[in-house]
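Sending over a structure as structure tokens; questions will come in a sec.
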Amino acid sequence: MNWEEYASNALKSFAEVTTAGELAEAHTAWLGRKSELKVGLRNVRDRETGMALNAVRERLEEAFAAREAELERGALVQLDQQLDVTLPGTRLRRGRLHPLTQIRREVEDIFLGLGYEIVDTREVETVWHNFDALSQPLTHPSRSHRDTFYINDDTLLRTHTSTGQIRVMEERQPPIYIATLGRTYRRDTPSPKNTPSFHQVEALAVDRGITLADLKGTLMHFFRAMFGEGRDVRMRTSFFPFTEPSVEFDVTCFLCAGEGCPFCKYTGWFEMGGAGAVDPAVFEKMGYDPEEWSGFAWGLGLDRIAAQRHGIPDIRMFWENDLRVLRQF
Ligand SMILES: [Zn+2]
């Protein structure tokens with residue numbers, strides 16, 4: 001093989017190509033893994049030939065790189081000549097956050113303002129964290145496979161964000177002020193008010209001398225920050241296995257301010273969620289002394305707040321990702 005001739009042919013072909021694609025092809029042909037030069041290099045038996053072939057290879061690689069840069073500059077110049085910067089541009093559509101993300105951030109801000117820490121823990125949970133630690137009776141229907149998505153006998157998709165409170169209490173000693181936010185799962189048939197996956201926010205406060213008055217004060221602050229001054233909160237007795245006493249709480253309708261309208265079915269109130277004083281039995285499982293510590297917990301569905309805030313009649317709309325809907329927020 002006459003390597004001088006090989007080199008001059010290669011240089012000629014680099015000079016003749018006019019596009020980056022053709023140049024790449026020429027590179028494969030003259031310098032690629034299967035090119036005569038590379039095969040020659042692999043079969044070298046003596047030092048002198050090796051040095052000579054390497055010199056050829058270096059020369060060709062340099063020429064290739066130079067030609068590549070040249071073609072690139074040419075392409076830019078051409079683009080510059082074609083480009084008329086005075087033409088009207090394409091209008092870019094500005095992105096925005098999903099309404100649920102917006103509400104979530106707003107809720108987080110309110111809690112941060114109250115000195116709470118925002119926590120989101122795992123969505124795949126143990127049965128113990130989801131039910132047992134919260135004193136959910138073994139016979140409770142929410143434990144059944146018809147209501148809950150089980151991964152196996154001990155593992156499930158969390159049905160509420162209370163699991164995050166258990167995880168935090170397991171790891172820390174009071175005082176604790178946290179809000180757990182995140183996605184939760186239940187085997188619900190999709191309807192205007194329910195979806196199998198939804199978002200919850202739950203707050204937990206554990207400290208010395210906490211009473212239901214603190215709970216009510218926190219709820220009032222939260223809903224006034226969320227829905228505006230003048231909102232009122234009322235509590236009705238209820239039952240949850242992990243709080244004692246337990247309440248459900250309502251907030252004055254933000255459309256009619258309590259006067260009564262079709263939106264609140266003329267009651268003047270909206271049901272918002274559940275709350276209560278943390279049951280001493282839960283504290284005992286966490287190794288807290290119930291004589292020393294007391295606390296409250298409350299929770300509600302973020303999807304429902306977002307729906308009420310925006311007057312959305314069907315929460316499935318949040319999951320359909322129809323841009324005509326989402327672009328309105
Ligand atoms: Zn109303």
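Atoms within each ligand, like the ligands themselves, are counted from 1 in listed order.
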| field | Pair Glu4 + Arg59, salt bridge at N-O below 4.0 Å | value | yes
| Around atom CD of Gln82, are there more than 12 heavy atoms of other residues, nucleotides or ligands at under 6.0 Å? | yes
| request: Check ring pair (Phe, Tyr, Trp, His ring centres under 6.0 Å) between His199 and all other residues, then give those that pass, not counting sequence neighbours. | output: Trp319
| message | Side-chain heavy atoms nearer than 4.5 Å, only ILVMFWY residues, links allowed to pass through others: does that put Val201 and Met272 together? | response | yes
| Atoms (protein N, O or S; no water) under 2.8 Å from the Zn ion (ligand 1) |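 If we list every protein N, O or S atom nearer than 2.8 Å to the Zn ion (ligand 1), we get 4.
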| message | One thing to verify: whether Glu271 and Arg304 come together as a salt bridge, which I'm taking to mean a side-chain N less than 4.0 angstrom from a carboxylate O. | response |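 Looking at Glu271 together with Arg304, the answer is no, because their closest N to O distance does not fall below 4.0 Å.
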| task | Quick one: sort the Trp3 and Tyr6 rings into parallel, tilted or perpendicular, breaks at 30° and 60°. | result | perpendicular
